[in-house]
Amino acid sequence: MKLGPRYDPLKVEEEVMKFWLENDIYKKVKELNKKRGKVKLFRFLEGPPTTNGFMHVGHMRGRTYKDVTLRFWRMRGYWVWDQAGWDTQGLPVELEVEKKLGFKSKKDILKYGVDKFVQECQKLVDFYLKRWEEDSKRMGLWLDYENAYQTRHPRYLDTAWSYLKKMFEDGRIYKGFRVVAVCPRCETALSSHEVAQGYKTVEDPSFYFKLPLKDEENVYLIAWTTTPWTIIANEAAAVHPNETYVKIRVNQNGKEEYWILAKKRLEPFAKEVNLEEYEIVEEFKGEELIGKEYIHPLLEEVPAHKEHRKPNHTVIEGAIIRRRILKGKEEEIVKEIFVSMESGTGIVHMAPAHGAEDFEACKEAGVQMFRPIRKDGHFTEEAGKYAGMWFKDAEKQVIKDLKAKGLAVHVGKIRHEYPHCWRCGTPLMYYADEQWFIKVEDLRERLVNENDKVIWHPKWAYDRMKDWLQNARDWTISRERFWGTPLPIWTCPKCGYRIAVGSLKELKEKALNPEKVIDHHRPWVDEVVIRCPKCGAEMKREPYVVDVWLDSGVAHTAALRQIGKEDLWNLLYPYDWITEALDQTRGWFYTLLVTGVTWHGRVPYKRVLTQGHVLDAKGEKMSKSKGNVVWAKDVFEKYGVDPVRFFLSIKSSPWDSVRFDPKDINRFKRTLDILWNSVKFAKSYMDLDKWNLEKLKEGFKYLEPEDSWVLAKTNEYIEKVTEALERSAIHHAALALNDFINEIISHKYIALVRPRVWEEEESPSKLAAYSTLFTVLDATIRMTAPFTPFLAEYLYQSFQRSLGFEEESVHMLLWPEENSLYDPEEAEVVDELLEAAERILALRTERKIKRRWPLPEAFIVIKDREEAAEKREKVIGKDENGNPIIVEEKVYKPLPSESVVKKAAKVLGIYANINEVKVVSEPPLGEYDIIETPRLKVYVKVKLDEETKALGLAKEVIRRVQVMRKEMDLPLDYVVNKVKIYTPSEELKRAIERHKNYIAREVRAKEIEVNEKPLEGKKWDVEGNELIIVIEK
RNA sequence: GGGCCCGUAGCUUAGCCCGGCAGAGCGCCCGGCUGAUAACCGGGAGGCCGGGGGUUCAAAUCCCCCCGGGCCCA
């Protein structure tokens, strides 16, 4: 691999990829690390991407963090367990297939045939999985793809089943009710994710109605609802126990009535329903209402209500009880009151079958649920008058009936957000449905305690997780879908006995029709029946699949079983490090923890890095519907993988959201360009001098101060990058690398060392420069390897490897170690001199003195002990008035020795372009600019004088000859016979004569000839004067 | 309604955990170098550190309140 004139990421990556594949580098690195890492193990488990679409830049960000981290630990000599995995089942896949086939509802699937549908799902997964693998490899993510787990794999499914069987046998799985959002048209429950996608602003009735109290004549509770059809299923009324309620007297069509509602709501209520005259007759706390019975407003229309007994049709407390775990053992009982004083009347009508809060509050109060409606949105016979009606139609009828009975107060309109089916647009119906659960609530304390063992990056992610765990709910695992892990529970229709099956093999043994046992998946598994061991009837499978989060949630065990490495489980569990986006707190991080604790009794991971999301250039969330998704492939095919990886690493902290603007990529690519050029610079001179690794050691004998300085800086930056990567602060590591390459290597060191490598003969100074350059660049290339693996490989092959390194690949090297062959005192002095030099450069610009024109001299004085002391204020106590007593404290620093400063002085000369820099004990006389650094004072006249100008002009001439040499394509070390010069300017002539030898040396000419007559040659302009130059080879 | 995150130059951001001169990059302006050269380098202008209050000798940083944006939960 050759260093071309310019860093071309796409070319580099193509070549490196070829090299990796042809030489099987990944496998070799893996083997090497396995050998090296006998005891040092770094265990990683991938949170599986769902294979239902392409990789976008958000995925690429996470995958970059994964790769950076794994490569870093590999280079530190660890045996890295790099488990890859794919999430291949679940609703997301089904939805993509439905889209592909143009389906509108679940019924379409049944019509099409579940078997064919499931096969389509398999095909879709095959397609996207391949793309993901390709893109992942292309972006340099080194994971073990050959042994990647797939949640649809038979052995993986066996593991999921065995987990479910264990949960069943532990009594942790139960069937119960939960209120879910249902699309009555598609006849299916929607996940919260789907619900969130379908909010629409719609106009609904704002309906106020009366609930007549049973024991008090003419007294009514005033309730409010926007879904009047739920009154059919009303079973209670909820109030806020601590708010004040009022009883008002109103006149309704000549009849006196008493209405009860919250005091705070009275005014807005009166305004909305145009109630002008009323009188408050009583005030009381909401809790006094609790227990009062009312007569169901649709008692005649829905006779079933006549059978409902107390506490049904009573006032209950509008609160949900939550138990939270505080600091280990303590349990706090929190009442979440949901009765709002922002809208309605402060009396909330409760239909336990149609609201999550209603369901919970009624359960707590012992109110029985009543659900006279089917999942398809039509009322059942139990609904009396409304039987057979579509729920939205029943709404109008209910209002009409209540009006007729004098129980309607007001029908208004309200515009609000209401969830609709994102697929077919039908308003959703909240509906209490039978579901399967895994019991989690009793484990909250355990979960919190296990979470305490985990190190979260950043720290606040721990609090977020803890908050989630303290409020953990029983896990609804059943889904009425097709492409997923079937729930392996068989129920006897006759006696209700149930069994759980833990593997396909076990099913075959138990099945009455073992020939039907072909696949774990639906529809085949649905055919399998088992003889009931209790009554002998045929048991049938519960027709659900399980939540897709359970699939990935058992990856800590299922992955190993799938790939036949179960024996490693003891070694690998718990995993050292996992990382996914922030939203996985309630997703994968959570389900891993729950399955880990319920199955193996402990948390399956030790460290978690939570990532922020990638937003578009405007800061908006990327979504397919908005069309602002940026696909990873498009980006890395355009800019190259390494620049994108570097950009993603450096742009922001992993846990913050990041705006993705492709324009930013080139900004950081510049650093990679500079690295490329720096290596090229070093390599071209080393080649010229036939330098190689054998001379490395010798060079360290002759180190000069700037060498010591850059070696010290290198150590400093190695430490910074290492420390940052250890705590997953990937952006800090990348920023440090960025600064190191730009400021230390390019801006400073190369500028300082350039004259030394330009020397012709092999000198100790040059040897030292090469040894230093090599060491510094070697460390840098190693440190970039995790971030930009292709570029690092390319540079390694063309630099370290070509100069004598034996390792086949940069990824087989170890992480750079700190070097201690330099002189730290010299390094410190150089640091101060560079600081002074930068200030002189600022003065030059300010006074318009070109950097090319050398200043004649500068003097350095080492400060004395007192002068160099740092003053610091310190509080030593308080006086009698309580005011602090502050003393000035002096911190004395060791002063640099004169010999060291003398040796280092040239750094100031080179960097600030000063001809002579002297170290003196007394300040020079005259007017000087004085520049102070902590321990030094520099005296320099930043002024243009004749001497300076003459040398400056000589340099102008040199520069132009150099340009011509290059135009003539002369080799770097070619010595020309003669350079002839003509100029009419006396000043320029004098300057050339005066610095003739200097010019000759710099341009590698045997002779410089100044002519009196104009020449036939290249004409130049120097500060307004004509200059003609001829080069004779 | 609750929990958490974010708010720093025109733009993108570091610094905040652990208080001590507010630091970069891009863009803009001025300049240098010309054998790292389709490169490289120097300088400058530009900041109520979202707002208010508190703690402190000292607050971008710690505490409280508010405003704006986001994520999650209800």
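Within every chain, numbering begins at 1; the chains are lettered A, B, ... in the order of the sequence lines, protein sequences first and strands thereafter.
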Student: Looking only at side chains, do A:Trp456 and A:Asp463 share a donor and an acceptor under 3.5 Å apart?
Tutor: no
Student: C1' atom, B:rC4 versus B:rC48: distance in rounded Å?
Tutor: 28 Å
Student: For B:rU8 and B:rG69, measure between their P atoms and round to the nearest Å.
Tutor: 15 Å
Student: Check the side chains of A:Thr579 and A:Gln611 for a donor-acceptor pair under 3.5 angstrom, ignoring hydrogens and angles.
Tutor: yes
Student: Nearest-Å distance, CD (A:Glu835) to P (B:rG43)?
Tutor: 13 Å
Student: For B:rA74 versus B:rU12, give the span between their C1' atoms, rounded off to a whole number of Å.
Tutor: 35 Å
Student: On a whole-Å scale, what distance lies between the P atoms belonging to B:rA9 and B:rG52?
Tutor: 16 Å
Student: Could you tell me the Watson-Crick or G-U partner of B:rC4, where both distances fall under 3.5 Å? Say none if there is no partner.
Tutor: B:rG70
Student: Rounding to the closest angstrom, what is the interatomic distance between B:rA22 and B:rU13 at atom C1'?
Tutor: 13 Å
Student: For A:His732, answer base if it contacts any base atom (sugar-phosphate contacts may also be present), sugar-phosphate if it contacts only those atoms, and nothing otherwise; contact means non-hydrogen atoms under 4.0 Å.
Tutor: sugar-phosphate
Student: Should B:rU56 form a Watson-Crick or G-U wobble pair with both distances under 3.5 Å, which nucleotide is its partner?
Tutor: none
Student: Please check if any side-chain donor atom of A:Ser652 sits under 3.5 Å from a side-chain acceptor atom of A:Arg61, or the reverse.
Tutor: yes
Student: List the steps and the verdict of salt bridge (charged side-chain N to carboxylate O under 4.0 Å, His left out) for A:Lys713 and A:Asp831.
Tutor: CA-CA 10 Å; A:Lys713 286 287 169 191; A:Asp831 214 40; 3.6 Å; yes
Student: Work out how far the C1' atom of B:rA60 is from that of B:rC21, and round it to whole angstrom.
Tutor: 13 Å
Student: Report which part of the nucleic acid A:Asp656 touches: base, sugar-phosphate, or nothing (heavy-atom distance under 4.0 Å, all strands).
Tutor: sugar-phosphate
Student: Applying a 3.5 Å limit to both distances, which nucleotide forms a Watson-Crick or G-U wobble pair with B:rA24?
Tutor: B:rU12
Student: Mapping A:Lys748 and A:Leu582 to their closest nucleotides on RNA chain B, which lands nearer the 5' end?
Tutor: A:Lys748
Student: Write down the atom of A:Ala238, the atom of A:Glu317, and the distance for their closest heavy-atom approach.
Tutor: CB-C, 4.5 Å
Student: Could you measure between the two P atoms, the one in B:rG42 and the one in B:rG3, and give it in whole Å?
Tutor: 49 Å
Student: Please determine which of A:Glu743, A:Glu835, A:Glu706, A:Glu838 meets the salt bridge (charged side-chain N to carboxylate O under 4.0 Å, His left out) test together with A:Lys748.
Tutor: A:Glu838
Student: Does OP1 or OP2 of B:rC73 have a side-chain N or O of A:Arg586 closer than 4.0 Å?
Tutor: yes
Student: Atom CD of A:Glu838 and atom P of B:rG23: how far apart are they, to the nearest Å?
Tutor: 14 Å
Student: Without decimals, in angstroms, what is the distance between A:Ile910 CD1 and B:rC41 P?
Tutor: 18 Å
Student: Measure from CH2 on A:Trp460 to C1' on B:rC72 and round the result to the nearest Å.
Tutor: 11 Å
Student: Are A:Glu360 and A:Arg178 within salt-bridge range, i.e. N to O under 4.0 Å?
Tutor: no
Student: Both distances below 3.5 Å, Watson-Crick or wobble geometry, any strand: find the nucleotide opposite B:rC48.
Tutor: none
Student: Send over the distance from A:Ile744 CD1 to B:rC40 P, rounded to a whole Å.
Tutor: 18 Å
Student: Any side-chain N or O of A:Arg844 less than 4.0 Å from the OP1 or OP2 oxygen of B:rG43?
Tutor: no
Student: Would you mind reading off the distance between A:Tyr462 atom OH and B:rG3 atom P, rounded to a whole angstrom?
Tutor: 17 Å
Student: Base, sugar-phosphate, or nothing: which does A:Tyr685 touch, judged by heavy atoms less than 4.0 Å apart?
Tutor: sugar-phosphate
Student: Is the shortest side-chain N/O distance from A:Arg464 to OP1 or OP2 of B:rC72 below 4.0 Å?
Tutor: no
Student: Could a donor-acceptor pair under 3.5 angstrom be found where the side chain of A:Arg754 meets the base of B:rA36?
Tutor: yes
Student: With sugar-phosphate meaning primed atoms plus P, OP1 and OP2, does A:Arg965 contact a base, only sugar-phosphate, or nothing at under 4.0 Å between heavy atoms?
Tutor: base
Student: Does B:rG42 have a Watson-Crick or wobble mate here (both distances under 3.5 Å), and if so which one?
Tutor: B:rC30
Student: With sugar-phosphate meaning primed atoms plus P, OP1 and OP2, does A:Ser684 contact a base, only sugar-phosphate, or nothing at under 4.0 Å between heavy atoms?
Tutor: nothing
Student: Within the 4.0 Å heavy-atom criterion, would you say A:Trp468 contacts the bases, only the backbone, or no part of the nucleic acid?
Tutor: sugar-phosphate
Student: Using the C1' atoms only, state how far B:rC57 lies from B:rC67, rounded to an integer number of Å.
Tutor: 32 Å
Student: Quick one: is B:rA14 close enough that its OP1 or OP2 comes under 4.0 Å of any side-chain N or O from A:Ser652?
Tutor: no
Student: Check the distance between B:rC40's C1' and A:Ile750's CD1 and give it to me in whole angstrom.
Tutor: 9 Å
Student: Tell me: CD of A:Glu357 to C1' of B:rG1, nearest whole Å?
Tutor: 10 Å
